[in-house]
Amino acid sequence: MSTTLRARRSCLAVPGSSQKFIDKARGLNSDQVFLDLEDACAPLAKPDARKTIVAALNEGGWGDKIRVVRVNDWTTEWTYRDVTEVVEGAGANLDAIMLPKVQTPEQVVALDLLMTQIEKSLGYEVGKIGIEAQIENALGLTNVNAIATASPRVETIIFGPADFMASINMKSLVVGEQPPGYDVGDAYHHILMSILMAARAHDKQAIDGPYLQIRDVEAFQKVAGRSAALGFDGKWVLHPGQIDAANETFSPAQADFDHAENILDAYEYFTSEAGGKKGSAMIGDEMIDEASRKMALVISGKGRAAGM
Ligand code: GLV
Ligand code: MG
């Protein structure tokens, strides 16, 4: 199955410089793991971390997890070495590269071209490795549609709240929480919706970023619940304690999944010859039509991707 369609309810961040956390991550039940060469990895640790990551990917043991490496952004001096070492060394065991702080579609194109060269030179299938684009500042957000369509490799658009809050001068130090003093709505609504619209318009997954108060699972659930309610596909997790909460929050409730399946069955019947070729019908007190079928397909699809 293409990684675009696979569930990414929980995307576990693991510092690429920590063998201990990498080993631990293998046994956790996140849908995705991403080994980080960017902000969780100190500048002096990056060269060794590239080697640790290549070895960890090639050693395997990642089960069904989507295997991703976050490289450094194009404004640094590290990106080309990150991509070259990781894709050359472990391209066969890698599902996607995550590119942080994407500001323009050209930055995605540059990554695509570099990956294509490496794939060609090693005889790999060109285009098999995807790109996950992180939106982390105002310019990235204004270009989000062009970024989503810059390469067919783009699979996900990810909100990076910490960098985003810093980049727009938001007066808050608690990542993902509402800025104190803003009491007229959700300060992230526009950003989340813009990312979600770009993702849905172009058939990508929309992923919410980290929540840093890692011991407060209830608060994580609340913040995750907001993006899940809008239609996001998943969220980063920074700690094993957040994984089950993310998997649950981004899966439909069992009752909703069952109801969606009932709607689909009913729709198939009442639109058929035997069912009277009707355009709409009642299930209990609820009228079902083609639009209801589409809504049911979303819940059913999310549930099936999550193994329900
Ligand atoms: C993640 O990279 C963030 O900046 O929130
Ligand atoms: Mg960031």
Side-chain angles (χ1 to χ4, degrees), residues 8-18 21 25 30 32-43 45-46 49 53 66 68-76 78-79 82 96-104 107-108 111 131-144 147 154-179 186-196 198-199 205-214 216 219-220 222-224 226-228 230 232-239 242-243 246:
R8 278 181 167 95
R9 298 165 304 173
S10 49
C11 304
L12 178 65
V14 180
S17 50
S18 168
F21 285 135
S30 63
Q32 169 174 311
V33 62
F34 77 86
L35 307 177
D36 193 15
L37 284 167
E38 204 218 17
D39 288 354
C41 200
K46 293 185 198 286
I53 286 175
I66 300 176
V68 179
V69 174
R70 179 165 73 163
V71 297
N72 289 278
D73 81 272
W74 277 123
T75 65
T76 69
W78 299 301
T79 322
D82 292 345
I97 292 283
M98 186 188 298
L99 186 63
K101 302 181 179 69
V102 181
Q103 306 196 58
T104 63
Q107 294 182 330
V108 173
L111 177 59
I131 292 177
E132 302 198 345
Q134 263 192 291
I135 300 298
E136 309 200 75
N137 52 45
L139 186 55
L141 192 69
T142 57
N143 285 328
V144 67
I147 288 167
V154 175
E155 297 182 353
T156 68
I157 313 289
I158 306 166
F159 174 40
D163 276 302
F164 206 106
M165 290 162 76
S167 85
I168 62 170
N169 296 353
M170 192 181 263
K171 275 168 66 184
S172 170
L173 285 172
V174 186
V175 173
E177 286 295 353
Q178 301 299 316
D186 178 357
Y188 301 100
H189 187 72
H190 169 71
I191 308 170
L192 290 172
M193 274 309 216
S194 302
I195 289 174
L196 184 62
Q205 286 183 326
I207 305 294
D208 194 7
Y211 186 73
L212 274 72
Q213 315 301 112
I214 56 173
D216 193 344
F220 172 88
K222 201 161 131 205
V223 174
R226 289 188 197 128
S227 50
L230 288 179
F232 269 64
D233 299 286
K235 183 169 176 66
W236 281 17
V237 291
L238 304 179
H239 185 269
Q242 295 180 330
I243 296 177

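For ligands, and for the atoms within them, numbers begin at 1 and follow the listed sequence.
In plain terms, the two heavy atoms of D233 and Q205 that are nearest each other are OD2-CA, 3.3 Å. Listed here is the closest heavy atom pair of N143 and Q103: ND2-O, 2.8 Å. Closest approach of I131 and A96 over heavy atoms only: N-CB, 4.4 Å.
In this structure, W236 and F34 have tilted ring planes: the angle between them lies in the 30° to 60° band.
Counting only heavy atoms of the protein, atom 5 (O) of ligand 1 lies nearest to A162 N, 2.7 Å.
Residue contacts with ligand 1 leave out P100, since none of its heavy atoms falls under 4.0 Å from the ligand. Remark: distances from the non-hydrogen atoms of F164 to ligand 1 are all 4.0 Å or more. Under a 4.0 angstrom heavy-atom cut-off, G209 registers as lying outside contact with ligand 1.
Counting the atoms of ligand 1 from 1 in the order shown, those under 4.0 Å from a heavy atom of P161 are 3 (C), 5 (O). Shown in contact with W236 at under 4.0 Å from a heavy atom are these atoms of ligand 1, numbered in order with element: 1 (C), 2 (O). Set against the non-hydrogen atoms of R70, the atoms of ligand 1 under 4.0 Å away are 2 (O). Less than 4.0 angstrom separates some heavy atom of E136 from each of these atoms of ligand 1: 1 (C), 2 (O), 3 (C), 4 (O). Near D163, the atoms of ligand 1 lying under 4.0 angstrom from a non-hydrogen atom of the residue are 3 (C), 4 (O), 5 (O).
Near-neighbour remark for the Mg ion (ligand 2): protein N, O or S atoms under 2.8 Å are E136 OE1, D163 OD2; waters not counted.
Side-chain atoms of K171 never come within 3.5 Å of backbone atoms of P179 as a donor-acceptor pair (strictly under, hydrogens ignored). No donor-acceptor distance shorter than 3.5 angstrom exists from the side chain of Y188 to the backbone of Q178, with no hydrogens or angles considered.
Counting heavy atoms only, Q134 comes closest to atom 1 (C) of ligand 1 of the residues Q134, M98, E38, M165.
At a threshold of 4.5 Å between non-hydrogen side-chain atoms, the residues Y211 and K235 count as touching.
Every pair passing side-chain hydrogen bond (donor to acceptor under 3.5 Å, both in side chains) that includes a residue from residues 156-170 is listed here, sequence neighbours excluded: K101-D163.
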Applying side-chain contact (heavy atoms from CB on, under 4.5 Å) to Q107 and D73, what does each step give before you reach the verdict? CA-CA 9 Å; Q107 294 182 330; D73 81 272; 5.7 Å; no
